[in-house]
Amino acid sequence: MTVRVERTFELTVSPEDVWAFISDPEKRADAISVVDSYTSEGDTTTWHVALPIPVVRSTIDVETRDVTVEAPTFVKFVGKSGIFNVTGEHEIHELDGGGSTLTNRFVVDGKVPGVEQFFKRNLDDELDRLQRKLEEDGATGAD
């Protein structure tokens, strides 16, 4: 089963600050609650994901890499594991009067029972978390 989610939200953060966050694979990984830890080597970031579903008893290594980068407005990444594959896209637009919008698209293909249901139930919360992290990061000017 495949889960598809698209959501756009407005941010008080400038498009440049959104891009600085979104184009950084480690910051994207840090914004996802089920990413227990991550490692980076070259153009690959491996997310060590802990899914709270019955058939998964340990963390899952999800190798992610950016496949399309159109600075400073668009990034698409893919993540692959034995349990699920994910494709994510983030598209940034400047708002008149300041701030920006961020459109997020995710497709999750589960390979074991329960994965798609977990993502179907939790992707909205994960996107809320991403929005909060972006606002916090932009407010502090963190790199």
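Since the model is a prediction, treat every value here as computed from it, not as a measurement. Throughout, residue positions are numbered sequentially from 1 according to the sequence presented. What's counted below: heavy atoms across the whole structure, side chains too, no hydrogens, waters or symmetry copies.
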Exercise. Asp128 and Arg7: salt bridge (Lys or Arg N to Asp or Glu O under 4.0 Å), yes or no, with the steps?
Worked result: CA-CA 10 Å; Asp128 287 344; Arg7 184 165 154 202; 2.4 Å; yes

Exercise. Which is it for Ile60 and His48 under the side-chain contact (heavy atoms from CB on, under 4.5 Å) test, yes or no, and what are the steps along the way?
Worked result: CA-CA 5 Å; Ile60 303 154; His48 308 287; over 6 Å; no

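Side-chain atoms of Glu10 and Ser100 include no donor-acceptor pair closer than 3.5 Å. For the 3.5 Å distance criterion, the side chains of Thr45 and Ser40 qualify, holding a donor opposite an acceptor.
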In residues 84-95, what donor-acceptor pairs under 3.5 Å come from side-chain atoms, sequence neighbours left out?
from	atom 1	to	atom 2	distance (Å)
Asn85	OD1	Ser81	N	3.3
Glu89	OE1	Arg105	NH1	3.2
His90	ND1	Asn104	OD1	2.7
Glu91	OE1	Arg105	NH1	3.4
Glu91	OE1	Arg105	NH2	3.2
Glu91	OE2	His93	NE2	3.4

Quiz: residues 66-79 side-chain donor-acceptor pairs under 3.5 angstrom, not counting sequence neighbours:
from	atom 1	to	atom 2	distance (Å)
Asp66	OD1	Arg28	NH2	2.5
Thr73	OG1	Glu70	O	3.3

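Applying the salt bridge (Lys or Arg N to Asp or Glu O under 4.0 Å) rule to Asp109 yields no partners; only residues at least two apart in sequence or on another chain are considered. Judged as a side chain to side chain contact (heavy atoms under 4.5 Å, CB included), and not counting sequence neighbours, the contacts of Arg4 are Thr2, Val107. Not counting sequence neighbours, Asp96 has no partner by the salt bridge (Lys or Arg N to Asp or Glu O under 4.0 Å) test.
Under the side-chain hydrogen bond (donor to acceptor under 3.5 Å, both in side chains) criterion, the residue pairs touching residues 117-126 are Ser33-Glu126, with sequence neighbours excluded.
With hydrogens and angles ignored, the 3.5 Å screen pairs a side-chain donor or acceptor of Glu135 with a backbone N or O of Thr12.
Closest heavy-atom contact between Ala31 and Arg129: O-NE, 2.8 Å. Across all non-hydrogen atoms, the minimal contact from Leu134 to Leu11 is CD1-CD1, 4.0 Å.
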